[in-house]
Q: 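Once you've had a glance at the structure underneath, I'll fire off some questions.
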There are 4 protein chains.
Amino acid sequence: MLNRVILVGRLTKDPELRYTPSGVAVANFTLAVNRTFTNQQGEREADFINCVIWRKPAENVANFLKKGSLAGVDGRIQTRSYDNNQGQRVYVTEVMAESVQFLEPKNANAGGGQQYQSQGGNNFGGPSGDRGYGQQQNQNQKRSNFNDDPFANDGTPIDISDDDLPF
Amino acid sequence: MLNRVILVGRLTKDPELRYTPSGVAVANFTLAVNRTFTNQQGEREADFINCVIWRKPAENVANFLKKGSLAGVDGRIQTRSYDNNQGQRVYVTEVMAESVQFLEPKNANAGGGQQYQSQGGNNFGGPSGDRGYGQQQNQNQKRSNFNDDPFANDGTPIDISDDDLPF
Amino acid sequence: MLNRVILVGRLTKDPELRYTPSGVAVANFTLAVNRTFTNQQGEREADFINCVIWRKPAENVANFLKKGSLAGVDGRIQTRSYDNNQGQRVYVTEVMAESVQFLEPKNANAGGGQQYQSQGGNNFGGPSGDRGYGQQQNQNQKRSNFNDDPFANDGTPIDISDDDLPF
Amino acid sequence: MLNRVILVGRLTKDPELRYTPSGVAVANFTLAVNRTFTNQQGEREADFINCVIWRKPAENVANFLKKGSLAGVDGRIQTRSYDNNQGQRVYVTEVMAESVQFLEPKNANAGGGQQYQSQGGNNFGGPSGDRGYGQQQNQNQKRSNFNDDPFANDGTPIDISDDDLPF
DNA sequence: TTTT
DNA sequence: TTTT
């Protein structure tokens, strides 16, 4: 049935890139989308919308977007639930991005000559062999916060598995 | 900024119609939207997406849709948060519907000759005087579950106020 | 860049199914989408939107939709131009459907037991071997208007080629 | 019925601003939207999509966008037809923008201190009195091509009337 | 827990 | 807490 979401907004933080046990990339990020109308106090509020993206585009997102980047998302709303550590069922509504568009001007924050090749597109190309590389690149280029490492054990289970794959 | 959602799915329950203290109608409903792909077990899952609609279209929704009805929604994703009774902050992502389309065939469940005039449209016409009527009609026609009554006190605060008005 | 269209409307005629020289299916159809507002004469007008769909979903469309069917489309706007027989350049704007949803109730116009299996989905599966079959089925099941035959020569060149393939 | 279009692309030319006889502003512009996929020659093509916008947002578009500007559009597909001067019926498919988002960075091409107030929004505020002003401003700020003047007579009838108003 |  |  029809389920389509289009967003343009800014990342509230750097994206988080992880890998499933079988090596498939997933990135999470939140878009702040400013409302086009003001509230009764005359302020312009924003919606903070959680997005997920899989495979190669996930690595593109991790490599080319960061806190504050302007981005467009074309995707679907997905819902899921899990039990938290207090034994309560938690319901989650998020956007499964099918493609992400990088709207930052090319020279935006570039310190060097890396090309801001845009458009994750729909090319969910196989992740075989990309894994170490994508991750490597990411850590080198923009990551310093070490506990983003999906394999670091911070006590909370990594809530992704290949079952979450959208195909 | 761009924030657009389009859904077609079926109501999981009858819509819930309420009124703010100042008499503005709000309806809540959940759409089950079947995915177009199957999971790794070969099953077709669904997403359960909470929707809100205000004013006159809210009353139309309450009057013309019920559990199982096929409906289309054009709207925006909105996020908000509140503190639950355990003092935890709860984050909510839902769809603010701007218009709802009734996709049920005209004779679907009609017991009589009432016209299934469709399309809430964008006419957020003033609710003046509609209130008693809309509510009345609704209770008579399809409501029996009494504690949907927005003025009945079931102990939990009614989490709507005129501040939630989208304009 | 972002380019997304979602429509719900009714087919103005039976879809037209054709095949490229290399055997890829294409279907054309027009959706009448009623406006949600009325014009200054108080009439509700409609927009008539030309849609194209390729490969397997094209055959589904030809097999399961006909004049008057209610359908949803998720796709992109595409533009192209060609020179007509008066040597004038003609500009065309149409919707490249990526998926089509069948919104007709199951028993809508069924004369028999054929299942109205819905949802073209995104499965642009290879057309190998489907060709004769899909076409056959279509002519048998619902086609009688002979000059829909893509290979009949009515003097106007068939304006499709494998170059139109969206991938 | 559902009819929703979202686009992000660049203006192919400066927008054209006109006024109906009764003084309502209309702007026309074309968005070039690059495809996310390449054709069989490996080239990335674009779609050129004609857009219309009415009233106050039309004046904002004329004042803040120009050839090359990156913009987002949220609107509907509309179709209409007219008879050209060879007596042929011409069918037109275009996007009726309901809101336009300015995606150019603030300092993009600013020569001075004018504020790039963004977002036409949905405020179809009355045009009373805006007319001379809006037009004035536009001609002064960015227009030099005189025959964009909607009242200049270049022989072709001005194809707008208040009947085209979407409400 | 939020972006410009 | 989920619809056909």
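Numbers restart at 1 for each chain; the letters A, B, ... are given by sequence-line order, proteins then strands. Computed from a predicted structure; not experimentally measured.
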Q: Report the nucleotide, chosen from dT2(F), dT3(F), dT3(E), that has the shortest atom-to-atom distance to any side-chain atom of Ala32(B).
A: dT3(F)

Q: For the pair Asn39(B) (side chain) and Glu43(B) (backbone), establish whether a donor and an acceptor sit closer than 3.5 Å, ignoring hydrogens and angles.
A: yes

Q: Compare the minimum distances between each of dT3(F), dT2(E), dT3(E) and the side chain of Asn50(A), then state the nucleotide with the smallest one.
A: dT2(E)

Q: By nearest atom, which of the nucleotides dT4(F), dT1(E), dT3(E) is closest to the Arg89(B) side chain?
A: dT1(E)

Q: Rounded to whole Å, how long is the line connecting atom CG of Leu70(B) with atom P of dT2(F)?
A: 20 Å

Q: Side chain of Tyr91(B): nearest nucleotide among dT1(E), dT3(F), dT3(E)?
A: dT1(E)

Q: Counting side-chain heavy atoms from CB outward, which of dT2(F), dT3(E), dT4(F) is closest to Lys67(A)?
A: dT3(E)

Q: Please report, rounded to the nearest Å, how far the P atom of dT3(E) is from the CG atom of Leu11(A).
A: 11 Å

Q: In this structure, how many angstroms lie between the P atom of dT3(E) and the CD atom of Glu104(A), rounded?
A: 15 Å

Q: Under 3.5 Å, is there a donor-acceptor pair between the Arg80(B) and Gln78(B) side chains?
A: no

Q: Any chance you could measure Gln101(C), atom CD, to Leu103(C), atom CG, to the nearest 0.5 Å?
A: 4.5 Å

Q: Please state how far atom NZ in Lys13(B) lies from atom P in dT3(F), giving the value in whole angstrom units.
A: 11 Å

Q: What pairs with Asp47(A) under side-chain hydrogen bond (donor to acceptor under 3.5 Å, both in side chains), at least two apart in sequence or on another chain?
A: Arg35(A)

Q: In whole angstrom, what separates Leu7(B)'s CG from dT3(F)'s C1'?
A: 14 Å

Q: Main chain of Leu70(B), side chain of Glu104(B): is a donor-acceptor contact present, judged purely on distance under 3.5 Å?
A: yes

Q: Report which part of the nucleic acid Gly68(B) touches: base, sugar-phosphate, or nothing (heavy-atom distance under 4.0 Å, all strands).
A: sugar-phosphate

Q: Of the listed nucleotides (dT4(E), dT2(E), dT3(F)), which one gets closest to any side-chain atom of Arg10(A)?
A: dT4(E)

Q: Using atom CD of Glu45(B) as one end and atom P of dT3(F) as the other, report the distance to the nearest whole Å.
A: 15 Å

Q: How many Å lie between CD1 on Ile77(A) and P on dT3(F), as a whole number?
A: 19 Å

Q: Rounded off to whole Å, could you give me the CG-to-P distance for the Leu103(B) and dT3(F) pair?
A: 19 Å

